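Here is the structure we will look at, set down as structure tokens.
Keep in mind the model is a prediction, meaning the values are calculated, not measured.
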Amino acid sequence: MKRAVLSAAVLLAVFAAGSPPAHAQTLKAVKERGVLRCGVGQGLLGFSSQDDQSNWRGLDVDICRAVAAAVLGDPAKVTFAPLDAASRFSALQSGQIDLLSRNSTWTMSRETSLGLMFAGVAYFDGQGFLLRRDSGIDTALQLGGKTVCAQTGTTSQLNVADYFRVNDMALKVLALDTVEESRKAYDDRKCDVLTSDVSQLYAERLKLAAPDSHVILPEVISKEPLGPVVRQGDDQWFNLVKWTLYALINAEELGIKSSTIDDALKSSDPNVRRLVGTEGEFGLQLGLSNDWAVRAVRATGNYGEIYERNVGTQSRLSVPRGLNALWTKGGIQYAPPIR
């Protein structure tokens with residue numbers, strides 16, 4: 001009896017090990033559909049917003065386009081689903097989208113309880129405070145008793161509560177459903193302070209009537225690693241999205257730009273050759289052709305080009321690279337090697 005049970009268990013284990021995961025179908029579905037479905041924000045300048053011609057622009061948008069280029073050979077073969085904070089994760093869980101590339105913070109509970117996986121950090125952020133320049137306040141430690149506007153469904157509420165509690169300050173929170181409502185409440189003086197990720201505060205400040213009349217305090221009170229998200233249970237798709245992001249970061253470190261990608265194809269540097277696919281079969285290991293990274297970089301540029309175009313020196317935001325500079329340039333942006 002015990003031997004029979006053991007044999008059955010062994011057979012079941014062997015069968016399970018040799019069978020593909022039930023959900024490992026995303027790459028196949030995207031290829032058959034011919035379009036990547038990507039969830040983005042609803043209008044965060046620099047990350048995901050539409051221009052006057054209704055074209056989507058931003059760092060998060062470019063991550064989507066890089067994946068579309070790597071998988072389908074064309075960065076235009078992507079549809080964008082604008083999602084609010086409340087619906088972003090359920091849209092991914094339900095299969096409405098293939099990839100979520102929206103300013104979403106990587107936390108433990110979002111992986112352990114929601115069945116999701118973050119495929120890397122596209123932007124190292126942190127929560128900050130915006131308030132009127134004439135308030136006379138120059139440090140967050142002077143905010144005790146002030147009313148703070150925060151968005152529900154985000155990490156902001158807990159972070160600000162923790163910060164005020166640790167520093168023994170009285171806190172009044174006005175929680176609103178959307179970032180637009182939060183900004184309007186602040187603009188209407190229903191609260192003294194607006195709190196959110198620093199990147200978002202830069203964008204929201206530009207929408208105020210007199211942007212220069214508002215300042216962002218120097219304190220950053222939380223870790224907000226933002227990056228692309230996929231469903232658990234599809235390791236192939238997870239690896240593909242992760243390594244596409246890493247390819248963009250490695251391309252910057254190796255000095256490979258969209259304008260020099262053809263020169264990189266002739267390089268004798270083994271690190272360059274592995275990235276562009278002239279050495280090794282790293283693309284095939286992802287289920288793609290070996291020039292997958294070339295297609296991504298050609299379409300969007302390397303990580304530095306994406307950053308500067310959307311949120312850095314070439315944008316209206318002009319957010320310093322800071323932590324998002326490469327590890328070789330004083331930041332912590334770092335990608336494992338392709339080898």
Side-chain angles (χ1 to χ4, degrees), residues 15-42 48 50 54-83 87-102 104 110-111 114-120 122 227-248 251 258 261 275-278 280-301 306 338:
F15 177 79
S19 302
H23 302 292
Q25 298 293 326
T26 309
L27 177 59
K28 181 175 182 289
V30 170
K31 285 183 173 181
E32 290 179 350
R33 190 190 310 125
V35 174
L36 172 71
R37 301 178 305 191
C38 203
V40 294
Q42 293 179 303
S48 55
Q50 290 179 288
S54 297
N55 297 312
W56 283 96
R57 306 288 184 194
L59 187 148
D60 291 335
V61 168
D62 280 344
I63 298 299
C64 296
R65 290 202 169 103
V67 173
V71 175
L72 300 170
D74 187 346
K77 290 184 176 180
V78 54
T79 58
F80 297 101
L83 301 168
S87 63
R88 53 184 164 170
F89 297 126
S90 59
L92 183 59
Q93 291 168 321
S94 66
Q96 177 186 335
I97 56 175
D98 307 304
L99 168 66
L100 178 65
S101 183
R102 180 196 186 282
S104 299
R110 287 176 174 175
E111 292 197 325
L114 298 181
L116 305 175
M117 295 182 74
F118 283 75
V229 193
V230 298
R231 290 180 292 276
Q232 289 184 13
D234 192 338
D235 291 348
Q236 181 187 41
W237 185 246
F238 170 70
N239 283 332
L240 190 157
V241 173
K242 175 175 63 176
W243 283 101
T244 298
L245 172 61
Y246 287 161
L248 299 175
S258 55
I261 194 69
L275 187 142
V276 301
T278 53
E281 296 187 342
F282 300 101
L284 294 179
Q285 293 170 14
L286 292 172
L288 304 174
S289 60
N290 284 329
D291 66 342
W292 61 283
V294 169
R295 297 200 300 261
V297 174
R298 194 190 301 277
T300 64
I306 292 172
I338 297 174

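- Contact record, Gln25 with Asp234: N-OD2, 3.2 Å, taken as the closest heavy-atom pair.
- Listed by chain and residue number, Trp106 satisfy the side chain to side chain donor-acceptor pair (under 3.5 Å) test with Glu111 (two or more places apart in sequence, or in another chain).
- Counting only heavy atoms from C-beta outward, the side chains of Ser289 and Arg295 approach each other to under 4.5 Å.
- Put simply, the residue from Thr244, Leu248, Thr300 that forms a side-chain contact (heavy atoms from CB on, under 4.5 Å) with Ile63 is Leu248.
- When every heavy atom of Trp56 is checked against every heavy atom of Val61, the shortest pair comes out as O-CG1, 3.8 Å.
- With sequence neighbours excluded, the residues forming a side chain to side chain donor-acceptor pair (under 3.5 Å) with Asp98 are Arg33, listed by chain and number.
- If you take CD1 on Ile261 and CG on Asp291, they are separated by 9.5 Å, rounding to the nearest 0.5 Å.
- Under the 3.5 Å distance criterion, the side-chain polar atoms of Thr278 are left unmatched by any main-chain donor or acceptor of Val276.
- Side chains of Asn290 and Glu281 form a contact here, defined as non-hydrogen atoms less than 4.5 Å apart.
- Taking all atoms of both residues into account, the shortest heavy-atom contact from Val229 to Leu99 is O-CD1, 3.5 Å.
- Shown here are the side chain to side chain donor-acceptor pair (under 3.5 Å) partners of Arg231, two or more places apart in sequence or in another chain: there are none.
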Would you be so kind as to tabulate the donor-acceptor pairs closer than 3.5 Å made by side chains of residues 66-76, with sequence neighbours excluded?
| from | atom 1 | to | atom 2 | distance (Å) |
| --- | --- | --- | --- | --- |
| Asp74 | OD1 | Ala76 | N | 2.9 |

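- Closest of all the heavy-atom pairs between Cys64 and Phe80 is CB-CE2, 3.7 Å.
- Judged as a side-chain contact (heavy atoms from CB on, under 4.5 Å), and not counting sequence neighbours, the contacts of Ala119 are Pro228, Phe238, Val241, Lys242.
- Legend: residues meeting salt bridge (charged side-chain N to carboxylate O under 4.0 Å, His left out) with Arg88, ordered by chain and number and at least two apart, are absent.
- For Arg57, the side-chain contact (heavy atoms from CB on, under 4.5 Å) criterion is met by Asp51, Asn55, not counting sequence neighbours.
- Ser101 contributes a side-chain N or O that, together with a main-chain N or O of Asp60, makes up a donor-acceptor pair within less than 3.5 Å.
- By the side-chain contact (heavy atoms from CB on, under 4.5 Å) test, Leu114 pairs with Phe89, Gln93, Arg110, Leu116, sequence neighbours left out.
- Considering OG1 of Thr26 and NZ of Lys31, their distance stands at 12.5 Å, rounded to 0.5 Å.
- Put simply, SG on Cys38 and CG on Leu92 are 10.0 Å apart, with the number rounded to the nearest 0.5 Å.
- Scanning for ring-ring contact (aromatic ring centres under 6.0 Å, His included) contacts around Trp243 gives Tyr246, with sequence neighbours left out.
- Rounded to the nearest 0.5 angstrom, Gln285 CD and Trp292 CH2 are separated by 10.0 Å.
- For Ser258, the side chain to side chain donor-acceptor pair (under 3.5 Å) test picks out Glu305, with sequence neighbours left out.
- Side chains of Leu83 and Ile97 form a contact here, defined as non-hydrogen atoms less than 4.5 Å apart.
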